Amino acid sequence: MSEKTIAGYSVKCNDQGFMEDLNQWNKEIALALAKEESIELTEKHWEVLSYLQEQCKNETAITIRKVGKSGIVTIKEFYQLFPKAPLKTASKIAGTPKPVSCI
Amino acid sequence: MKKKLVILGAGTAGTIMANQLNKKLKAEEWEITIIDKEQKHYYQPGFLFLPFDRYTPEQVVKKIDKFIPKNIQLLNEDVQQIVADENKVLLVNGKEINYDLLIIATGSHIAPQEIQGMEGTEWYKSIFDFYTFDGALNLRNKMRTWEGGKLVIHICEMPIKCPVAPLEFAFLADEFFRKKNMREKVEITYVTPMSGAFTKPVAAKELEYLLESKQIKIVSDFNIEKVDTEKSQIVDYGERTVDYDLLVTVPTNMGDEVILRSGIGDDLNFVPTDKNTLQSKVKENIFVIGDATDIPASKAGAVAHFEAEIVVDNIMRFIEGKAVSPDFDGHSNCFIETGNGKALLIDFNYEQEPVKGTFPIPGIGPLQLLKESRINHWGKLAFRWIYWNILIKGIPIPFVPSKMKTEGKQINKK
Ligand SMILES: Cc1cc2nc3c(=O)[nH]c(=O)nc-3n(C[C@H](O)[C@H](O)[C@H](O)COP(=O)(O)OP(=O)(O)OC[C@H]3O[C@@H](n4cnc5c(N)ncnc54)[C@H](O)[C@@H]3O)c2cc1C
């Protein structure tokens, strides 16, 4: 774990750049993280991000299937918004933990 | 009149429950009934070894009633629906069974129909699972004569039971084809929806060498949309493709349809359950154990075994009118075959990721955590004996309590 300065804020991050404390998250940080991924955040992006944060607060594991059934985006659209590895990238920008397996 | 406790499912978790509650509950006060649609009890961890001809089919299946105490009523029936509001279950044959307390232990199973093109004409021809007895046997027959090509080992989506099994399959496949002197004819690729084969920092650091040394290619962040059987490709939502000649996939894992029919599950038919008390969020007189829950613990037999102690305690508390206790820490323990007579062992819980250390006796072992060793491999093989003779009979395993021990682990304090 380390401290990283993002958009002028000092935030706790793990080695892979995922935030460790959702309470430190704000929109400026999200914009900066999105820029690192070359993503320009639109209204839809923000909706997905707040959905992920809600799931995280409810302690529900986030999956592609859940996002696809969220009513916000289809899985295809999710890929268009956050190309290549949408779950990982969107989680990073949302300040939620990286989805992990047991090992 | 006697009170009624009903257990749905006589697999790993249900059988442990039947054995433990039979000792705990007074026979003059409680009548216990356990219901399962199958007549056979499978040792599912053995499905990993069947395709490689390392276990025989007879070693992984026994009659279900062999493990249920005689004074417990075992019904060989399919459960149609749980009517939680009326404290009753309906059987497919039309009968109704009332209960005072219900334990759901209906497990999870593969659902290849969730992925377009998977279960079509190529199913059990060039596409196989090894998560079922049938799948593992069909795959064994295929592997006996397969002449090589692109072997793709693939996970459709999480969560799956025993999340390390596909990785073990890849390691064992490497050994299998090496021993057959045809490793150079087989290209092994491991395809996962996760960010890598190892997702936890310490494990990733310690174990990444395994894939490289065994020449297993990895494709990560791959979320399958469909199987294109014409082109022998799996295709992800981002339009990436991976070619296969032999696809060994772990299809979507789902809870039983009875959960769907009862309207009590999540989008994968898992039952919303308190992750620490194991009481369902459906109704307070329903407890859930094993693969059927939606808790963020691993879906594994060893986990069901640890959960059992907490479920029994909480059932006793509930009966006595006391508050249930949040004692389950997510403890999980599992051997990981790495091939060539070696295995790893991991021991972890909700908070603690797998790290190095000694197990089960801190500082002594004899088993090593997160490190390949021969003795771990013997441990894995011994697990079958432990499963049939200790685990499902609900007998505690010496030195392995349900709460994870931190002693004996190399934990970096934050
Ligand atoms: C390939 C593979 C390797 C594995 N390796 C390991 C390992 O190394 N270590 C480990 O600890 N675990 C391992 N596991 C996981 C382990 O087998 C499971 O986690 C465990 O069996 C779960 O127990 P359960 O009782 O929840 O479900 P199950 O044992 O699957 O039992 C569920 C039972 O419920 C019955 N049922 C379901 N619905 C109904 C209905 N509607 N009506 C009547 N009956 C019903 C079913 O017939 C079944 O008998 C492995 C699994 C697989 C597939």
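Below, read A as the first sequence line, B as the second, and so on, with proteins coming before strands; counting in each chain starts at 1. Keep in mind it's a predicted model, so treat the numbers as computed, not measured. Side chains are part of it too, since the values below use all heavy atoms of this structure and drop only hydrogens, waters and symmetry mates.
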query: Can a cation-pi geometry be assigned to B:Lys214 and B:Phe171, taking NZ or CZ under 6.0 Å from the six-membered ring centre and within 45° of the ring axis?
result: yes
message: Please classify the contact of B:Thr192 with chain A as side chain, backbone, both or neither, using a heavy-atom distance under 4.5 Å.
response: neither
Heavy-atom proximity to chain B below 4.5 Å, by part of A:Ile103: both
- request: Identify whether NZ of Lys or CZ of Arg in A:Lys76 sits under 6.0 Å from the centre of the six-membered ring of B:Tyr237 and within 45° of that ring's axis.
  value: no
Side chain / backbone / both / neither for B:Phe198 at chain A, heavy atoms under 4.5 Å: both
query: Can a salt bridge be assigned to the pair B:Glu353 and B:Lys409 using a cut-off of 4.0 Å between side-chain N and carboxylate O?
result: no
message: Against the six-membered ring of B:Phe270, is B:Lys299 placed for a cation-pi contact (under 6.0 Å from the centre, within 45° of the normal)?
response: yes
- line: chain A shares the most heavy-atom pairs under 4.5 Å, among B:Val164, B:Leu207, B:Ile295, B:Leu268, with B:Leu268
task: Determine, for B:Phe328 and B:Lys275, whether the Lys NZ or Arg CZ falls below 6.0 Å from the six-membered ring centre while staying within 45 degrees of the axis.
output: no
Most contacts with chain B, counted as non-hydrogen pairs under 4.5 angstrom, among A:Lys84, A:Gln80, A:Lys69, A:Lys66: A:Lys66
Option in B:Leu167, B:Asp221, B:Ile336 with maximal non-hydrogen atom pairs under 4.5 Å from chain A: B:Asp221
Ring centre gap for A:His45 and A:Phe82 strictly below 6.0 Å: yes
- request: Side chain from CB out, backbone as N, CA, C, O: work out which of these in B:Met158 comes under 4.5 Å of a heavy atom of chain A, or both, or neither.
  value: both
Which atoms of A:Thr63 approach chain B - backbone, side chain, both or neither, heavy atom under 4.5 Å: side chain
task: Could you tell me which portion of B:Glu157 (side chain, backbone, both or neither) has an atom closer than 4.5 angstrom to a non-hydrogen atom of chain A?
output: side chain
Interchain contact, A:Gln16 with chain B, by part (heavy-atom threshold 4.5 Å): neither
task: Please work out whether the ring planes of B:His331 and B:Phe306 are parallel, tilted or perpendicular, with thresholds of 30° and 60°.
output: parallel
